[in-house]
Amino acid sequence: MNHATPLLLLPGLMNDARIWEPLTTAIEGARTVQVAPTHLHDSIAESARAAIAAMPAGTFAVAGFSLGGYVAQAVCRQAGDRIAGLGLLDTGARADTEEAKQVRNRMIQAVDGAEGAGTTATFGQVAQGFAARIVHASRLQDGGLLRLLFDMAAAVGSQGFVRQQRAAMNRADTRDLLPRMNVPAVVVCGREDQVTPLGLSQEMASLLPDAELVAVAESGHMSILEQPAPVVAALLRWLQRVDAAANARQGGEQSRPFPE
């Protein structure tokens, strides 16, 4: 009997489970799906441990968006023998540069300073300031999309945002890991992504042994929300490959003779 591989999904910076709704709606009822938060720990490794603990026993596929991609790669490092497939959306494998760490520290200080003064205005300003960088210019007047982004940021909250920034700035480089991930993989990126540019996705796809690279036209960083149809189509192709590989392995194991 064919088996639908359980799926672990990981949201990005200032995102909650709603970032994955285009996919979860498309596969509702077809497989076990767990969306694990990425704003509860100030360590990528800790977020990965908590996410793994939420999954049922056995193998599973994992996909991460943006910051969630860093967590997904940490999941692979911690539970490599359980990973049946890897999906990486608008993310990268390199550790933060010193310049990037300084930018994150400035944002943390701005949010902490606002909280110390008894106001959350600065966090709202930080969230709004991201819009021009994270979506394609053609979507900057899309009220529904922008409201969703702001609502998710509010749900994560200022301290969740700070934890995510601290986790991101201290993450490990994972370029050594990817060549060892010999499982079906998909790497997706908006062609106009300013946050994690396409070159980072091209690098990851070149390091993975079995990856499809999908560059999404007319999309910035939020590819799964900006252009859900091609992104979901790519993820469904990937899940078909994951299930086929898992079922082939299962069939091979069942057909082996008993040891003498």
Side-chain angles (χ1 to χ4, degrees), residues 10-16 18-20 22 38-39 44 63-73 87-111 122-153 156 161-162 164-169 171 173-175 186-207 211 213-232 234-235:
L10 297 155
L13 181 70
M14 293 195 292
N15 304 151
D16 59 20
R18 286 172 285 181
I19 189 72
W20 289 107
T38 58
H39 65 281
I44 295 293
F65 167 75
S66 191
L67 176 102
Y70 308 147
V71 179
Q73 292 170 82
L88 297 170
L89 283 68
D90 297 276
T91 189
R94 294 172 177 253
D96 258 7
T97 64
E98 287 305 313
E99 181 182 6
K101 290 179 181 180
Q102 290 172 12
V103 171
R104 293 188 196 277
N105 266 320
R106 286 196 291 271
M107 287 189 283
I108 289 170
Q109 289 165 5
V111 170
T122 298
F123 177 61
Q125 291 164 2
V126 168
Q128 290 180 7
F130 270 98
R133 289 192 66 225
I134 64 177
V135 301
H136 190 269
S138 64
R139 304 301 295 276
L140 285 174
Q141 305 305 317
D142 185 334
L145 174 60
L146 297 180
R147 277 193 299 275
L148 174 58
L149 295 177
F150 298 152
D151 285 351
M152 288 194 295
V156 167
F161 170 78
V162 167
Q164 287 182 320
Q165 292 285 20
R166 287 181 175 144
M169 74 168 62
R171 71 184 185 276
D173 192 298
T174 53
R175 285 173 290 174
V186 65
V187 180
V188 178
C189 187
R191 282 196 178 275
E192 289 77 36
D193 189 335
Q194 299 179 53
V195 179
T196 52
L198 181 57
L200 295 177
S201 287
Q202 292 169 328
E203 178 179 60
M204 292 187 298
S206 72
L207 292 170
L213 174 64
V214 179
V216 184
E218 296 186 19
S219 176
H221 185 60
M222 310 300 297
S223 62
I224 191 168
L225 297 182
E226 295 181 66
Q227 298 290 347
V231 175
V232 169
L235 292 170

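Looking at L225 and I19, their side chains come closer than 4.5 Å, going by heavy atoms from C-beta outward. At a threshold of 4.5 Å between non-hydrogen side-chain atoms, the residues E192 and L198 do not count as touching. When side chains are defined from C-beta on, I44 counts as touching L67, because their heavy atoms get closer than 4.5 Å. In this structure the side chain of F65 never reaches within 4.5 angstrom of the side chain of L10, judged on heavy atoms. Side-chain contact between S219 and H136: absent, with no pair of heavy atoms (C-beta onward) separated by less than 4.5 Å. Counting heavy atoms from C-beta outward, M107 and V162 have side chains that stay 4.5 Å or more apart. Proximity of I108 to M169: side-chain heavy atoms (C-beta onward) are separated by under 4.5 Å at one or more points.
Scanning both residues, L146 and A131, for their nearest heavy atoms gives CD2-CB, 4.1 Å. When all heavy atoms are compared, the tightest approach of A72 to G64 is CB-N, 3.9 Å.
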(request) Given salt bridge (Lys or Arg N to Asp or Glu O under 4.0 Å), test E203 with R94 step by step and report yes or no. (result) CA-CA 10 Å; E203 178 179 60; R94 294 172 177 253; 2.7 Å; yes

(request) Begin with the C-alpha distance, continue with both residues' side-chain angles, and end with the deciding distance and a verdict on side chain to side chain contact (heavy atoms under 4.5 Å, CB included) for V231 and V216. (result) CA-CA 7 Å; V231 175; V216 184; 3.8 Å; yes

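Inspection of the S66 and D90 side chains reveals no N or O donor paired with an N or O acceptor under 3.5 Å.
Atom CE of M152 is separated from atom CG of D16 by 6.0 Å, given to the nearest 0.5 angstrom. Interatomic distance, NZ of K101 versus CZ of R166, reported as 14.5 Å (0.5 Å rounding). Taking CE of M204 as the reference point, atom CZ of R175 lies at 11.5 Å (rounded to 0.5 Å). Taken to the nearest 0.5 Å, the CH2 atom of W20 stands 6.0 Å off from the CG atom of L235.
Considering L213, D193, I224, L89 as possible partners of V188, the one that fulfils the side-chain contact (heavy atoms from CB on, under 4.5 Å) test is L89.
A donor-acceptor pair is defined here as one N or O able to donate and one able to accept, closer than 3.5 Å; such a pair exists between the side chain of Q73 and the backbone of G92. Distance alone, capped at 3.5 Å, places no donor-acceptor pair between the Q165 side chain and the R104 backbone. Using modelled atom types, no side-chain atom of S201 and backbone atom of C189 make a donor-acceptor pair closer than 3.5 Å. Side chain of R191 to backbone of E218: no donor-acceptor contact under 3.5 angstrom is found. The main-chain N or O of L13 is found under 3.5 Å from a side-chain atom of N15 such that the two form a donor-acceptor pair. Side-chain atoms of Q194 do not come within 3.5 Å of backbone N or O of V135 as any donor-acceptor pair.
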